[in-house]
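Since the model is a prediction, treat every value here as computed from it, not as a measurement. The basis for the numbers below is simple: all heavy atoms, side chains too, and nothing from hydrogens, waters or symmetry mates.
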Number of protein chains: 2
Amino acid sequence: MVTIGDVAREAGVSRSTASYALSGKRSISEPVRLRVAEVAKSLQYTPNAGARSLATSQTKVIGLLAQFLEDEFAPAMLQYILGVSNTARELGYDVLLVTEPDGTAALRRISDSRMIDGIVLLNVAEDDARLEVLRAAQQPGALVGLPKDTRGVDVFDLDFEEAGREMVEHLHRLGHRELILASQPEHVVERGGAYVWRLQNAAAAAAAARGITLHTAFAPASQPEVGTALHELLDTYPDATALLVNNEAAAAALPSVLNARGISSPRDLSVLGRYSDEFARTFSLPFSSIESAPDRLGSMAVRQLVRRIEGEIGPGDPFVTRFVAPEIVDRGSTAPPR
Amino acid sequence: MVTIGDVAREAGVSRSTASYALSGKRSISEPVRLRVAEVAKSLQYTPNAGARSLATSQTKVIGLLAQFLEDEFAPAMLQYILGVSNTARELGYDVLLVTEPDGTAALRRISDSRMIDGIVLLNVAEDDARLEVLRAAQQPGALVGLPKDTRGVDVFDLDFEEAGREMVEHLHRLGHRELILASQPEHVVERGGAYVWRLQNAAAAAAAARGITLHTAFAPASQPEVGTALHELLDTYPDATALLVNNEAAAAALPSVLNARGISSPRDLSVLGRYSDEFARTFSLPFSSIESAPDRLGSMAVRQLVRRIEGEIGPGDPFVTRFVAPEIVDRGSTAPPR
DNA sequence: CTGAAAGCGCTTACAG
DNA sequence: CTGAAAGCGCTTACAG
């Protein structure tokens with residue numbers, strides 16, 4: 001392999017001069033700088049990442065911890081990953097993707113071995129075991145998802161409470177008085193998936209405040225079970241005029257459920273989901289939804305992380321918890337009840 | 001951070017002895033070995049990855065190049081990525097995920113900088129520009145997808161030709177005499193996505209050999225366009241009794257298309273797709289399909305790659321091109337025509 | 001069975 | 001403006 005020594009020799013300068021000429025970290029005479037740059041290019045010189053990280057304690061790699069759990073809908077995860085990956089690259093970082101089930105062990109491994117400069121955690125739970133490891137780590141961390149204890153980390157999430165309120169208010173405004181909310185599986189709640197009850201509680205409170213009825217139910221995250229569950233829900237509450245869906249798998253299954261029942265939306269039932277526009281297109285979902293903005297959240301997390309890595313924000317600066325405001329993307333599936 | 005020097009001092013041995021005791025690469029007296037192991041554990045010693053890679057020229061990281069193209073259906077990609085990631089971890093490797101559009105630049109960057117020990121290429125095209133870079137690289141490479149020129153790389157793919165034959169033969173056996181094949185967008189073909197015409201040509205040949213009719217057509221890879229295209233196809237060939245689908249987006253859209261037309265499968269139309277079982281569950285697809293085995297292909301590619309990385313197979317050993325035999329997963333959507 | 005030393009390829013104070 | 005040297009934290013021949 002071609003090293004900086006090769007470049008230096010070929011350019012007739014010392015290795016340090018070659019290094020400085022390439023990095024621009026001290027003033028170098030124009031002819032020397034040009035000559036070094038030229039030689040580096042012609043020799044196709046690329047710094048050895050291991051050597052550089054050893055010398056600088058910087059790897060230019062971000063660790064991305066994603067979990068693919070049974071009770072979460074995998075296609076929805078992909079968009080967060082791409083949001084992180086694309087923004088990282090834009091800022092000059094590569095991504096080490098870790099999908100192993102034991103997140104704490106993985107985190108310890110990549111952190112202790114100094115493979116990465118910073119860490120992004122996906123699917124963060126209320127009481128996430130990885131957080132303890134992350135706080136003890138040398139590298140800064142950014143989360144997508146709100147844990148109970150946000151100390152020492154930057155947090156980004158959709159404002160699920162506002163989302164719950166907005167969903168209810170939007171339908172109340174249209175005249176609906178009996179709503180159903182299909183959430184994620186109860187198992188997600190037990191595991192600490194706070195976004196489930198954050199949306200649910202806020203929706204319930206909003207409904208109560210307006211004196212309207214909200215039936216809430218957990219629904220599976222896998223096909224075809226979720227379809228059956230939706231049928232049962234609609235059977236159980238025949239007078240409900242609107243369906244709120246905080247469950248990507250349920251949203252994906254809904255078109256065929258409505259079809260099977262001969263129900264058309266919004267004529268017979270108003271529907272309002274919570275998923276991204278990309279997701280809507282992938283699954284041809286004709287329902288209006290609260291945009292969950294996975295790419296934006298992933299991007300925000302990386303940007304903040306890189307600011308910490310590069311010292312633009314110091315360890316003294318306060319950690320942030322930022323919520324993306326929910327916005328309804330209107331696909332025409334809500335209307336006044338008949 | 002705690003270095004091997006700390007461990008050595010604490011254990012009262014030299015750094016080299018500490019290193020050897022931990023690696024087991026030369027015989028160490030039992031008491032010393034134990035003492036070092038103990039100290040390493042109590043100090044939570046983890047080798048610095050950069051330093052180790054500099055010394056050994058091994059990073060224990062595999063580069064994974066995935067492209068998310070407009071004309072491919074993203075959710076189908078995820079399963080390949082997980083197959084690679086899970087197998088890599090099982091074999092002691094981490095995964096550097098690269099999703100940037102310019103694959104050749106990315107490949108050069110991670111290869112030249114020695115960030116990785118080997119490379120897995122996804123979405124390989126007939127005439128993939130990344131291959132030239134890969135062949136010039138120091139690290140071995142494994143592909144998922146068959147290019148025209150397979151020199152210098154190990155290749156894994158579904159046997160799309162056999163898949164095309166089997167699809168046609170299966171339906172011919174049931175008594176069908178007029179079939180439709182919906183492929184990927186023509187744009188994929190132009191880009192060199194060989195799996196499109198490999199399946200298509202084999203299917204056409206099989207149909208010709210049996211004297212039956214096969215209508216072939218390209219279909220979009222995005223929603224909702226692909227739904228419209230399917231409607232047009234079914235309008236154009238009203239006498240066809242079976243539909244073959246080599247297009248994940250089309251398969252995902254098909255249930256609602258059939259529903260809208262009041263067509264039920266297999267009563268009115270036999271349907272046979274080409275996608276994974278995982279995909280079928282995600283999208284609740286009730287159609288029989290040729291299993292595309294993304295996790296298995298990803299896993300095979302990584303296993304072979306690691307064998308090369310670790311010298312179990314030398315550069316002299318022949319490169320392999322291995323096809324996974326297509327198998328039909330019967331979900332009951334094919335039957336004799338009415 | 002163990003230790004002192006060299007070397008991997010960088011970057012960056014330290015001198016001049 | 002430039003060079004010689006030290007040091008990052010490992011591993012591994014080389015000696016004994």
Side-chain angles (χ1 to χ4, degrees), chain A residues 1-37 39-40 43-61 109-117 138 310-311, chain B residues 1-37 39-40 43-61 109-117 138 310-311:
Chain A
M1 71 173 299
V2 27
T3 73
I4 197 158
D6 299 327
V7 174
R9 190 175 339 101
E10 189 80 9
V13 297
S14 72
R15 297 195 304 151
S16 59
T17 298
S19 175
Y20 283 121
L22 258 18
S23 71
K25 285 191 183 165
R26 79 174 178 194
S27 37
I28 296 281
S29 72
E30 197 55 14
V32 168
R33 206 186 55 70
L34 246 50
R35 176 116 187 78
V36 170
V39 170
L43 260 45
Q44 294 221 52
Y45 167 70
T46 310
N48 179 296
R52 173 173 274 182
S53 82
L54 185 56
T56 63
S57 303
Q58 282 235 348
T59 63
K60 287 285 178 178
V61 175
R109 177 166 48 80
I110 65 174
S111 169
D112 287 353
S113 68
R114 298 290 195 281
M115 299 178 83
I116 43 122
D117 293 338
Q138 292 301 309
E310 303 189 341
Chain B
M1 72 172 298
V2 28
T3 74
I4 197 157
D6 300 327
V7 174
R9 189 174 341 102
E10 188 80 9
V13 297
S14 72
R15 296 195 306 152
S16 60
T17 298
S19 176
Y20 282 121
L22 257 18
S23 72
K25 284 192 183 166
R26 79 176 179 194
S27 37
I28 296 281
S29 73
E30 197 56 12
V32 168
R33 205 184 57 69
L34 246 52
R35 177 116 186 77
V36 170
V39 170
L43 260 46
Q44 293 222 55
Y45 167 69
T46 310
N48 179 297
R52 174 173 275 181
S53 82
L54 185 56
T56 62
S57 304
Q58 283 235 345
T59 63
K60 287 283 178 180
V61 175
R109 176 166 48 79
I110 65 174
S111 169
D112 287 354
S113 68
R114 298 290 196 280
M115 297 179 83
I116 44 123
D117 293 339
Q138 291 303 309
E310 303 189 342

task: Name the residue closer to the 5' end of DNA chain D, choosing between A:Ile28 and A:Arg15 according to the nucleotide with the nearest heavy atom.
output: A:Ile28

- request: Tell me what A:Thr3 touches on the nucleic acid: a base, only sugar-phosphate, or nothing, going by heavy atoms under 4.0 Å.
  value: sugar-phosphate

message: Looking at every non-hydrogen atom in both residues, tell me the closest pair between A:Leu54 and B:Ala51 and how far apart they are.
response: CD1-CB, 3.7 Å

- request: May I ask you to decide if A:Thr46's main-chain N or O and B:Ser113's side chain share a donor-acceptor pair within less than 3.5 Å?
  value: no

message: Any salt bridge linking B:Glu10 with B:Arg35? Criterion: basic side-chain nitrogen under 4.0 Å from a carboxylate oxygen.
response: no

- prompt: Quick one: are B:Gln138 and A:Met1 in side-chain contact, heavy atoms under 4.5 Å?
  reply: no

- request: Using a heavy-atom cut-off of under 4.0 Å over every strand shown, decide if A:Ser27 touches base, sugar-phosphate, or nothing.
  value: base

query: Hey, which of these two, B:Ser16 or A:Lys25, hits DNA chain C nearer its 5' end, going by closest nucleotide?
result: B:Ser16

field: Watson-Crick/G-U partner (both atom distances under 3.5 Å) of C:dA13
entry: none

- prompt: For D:dA4, which nucleotide is its Watson-Crick or G-U wobble mate, given both distances must be under 3.5 Å?
  reply: none

message: Mind checking if A:Ser29 touches a base, just sugar-phosphate, or nothing, with heavy atoms under 4.0 Å?
response: sugar-phosphate

task: Go through the steps for A:Asn48 and A:Thr3 under the test side chain to side chain contact (heavy atoms under 4.5 Å, CB included), then give the verdict.
output: CA-CA 8 Å; A:Asn48 179 296; A:Thr3 73; over 6 Å; no

message: Considering every strand and a 4.0 Å limit on heavy-atom distances, what is the contact class for A:Thr56: base, sugar-phosphate, or nothing?
response: sugar-phosphate

statement: Sorted by position of nearest nucleotide on DNA chain C, 5' first, the leading residue of B:Thr17 and B:Ala55 is B:Thr17

statement: Rounding to 0.5 Å, atoms CD1 (A:Ile4) and CZ (A:Arg9) come to a distance of 12.0 Å

query: Just the endpoints, please: which first and last nucleotides of DNA chain D, 5' to 3', lie under 4.0 Å from a heavy atom of chain B?
result: D:dG9 to D:dC14

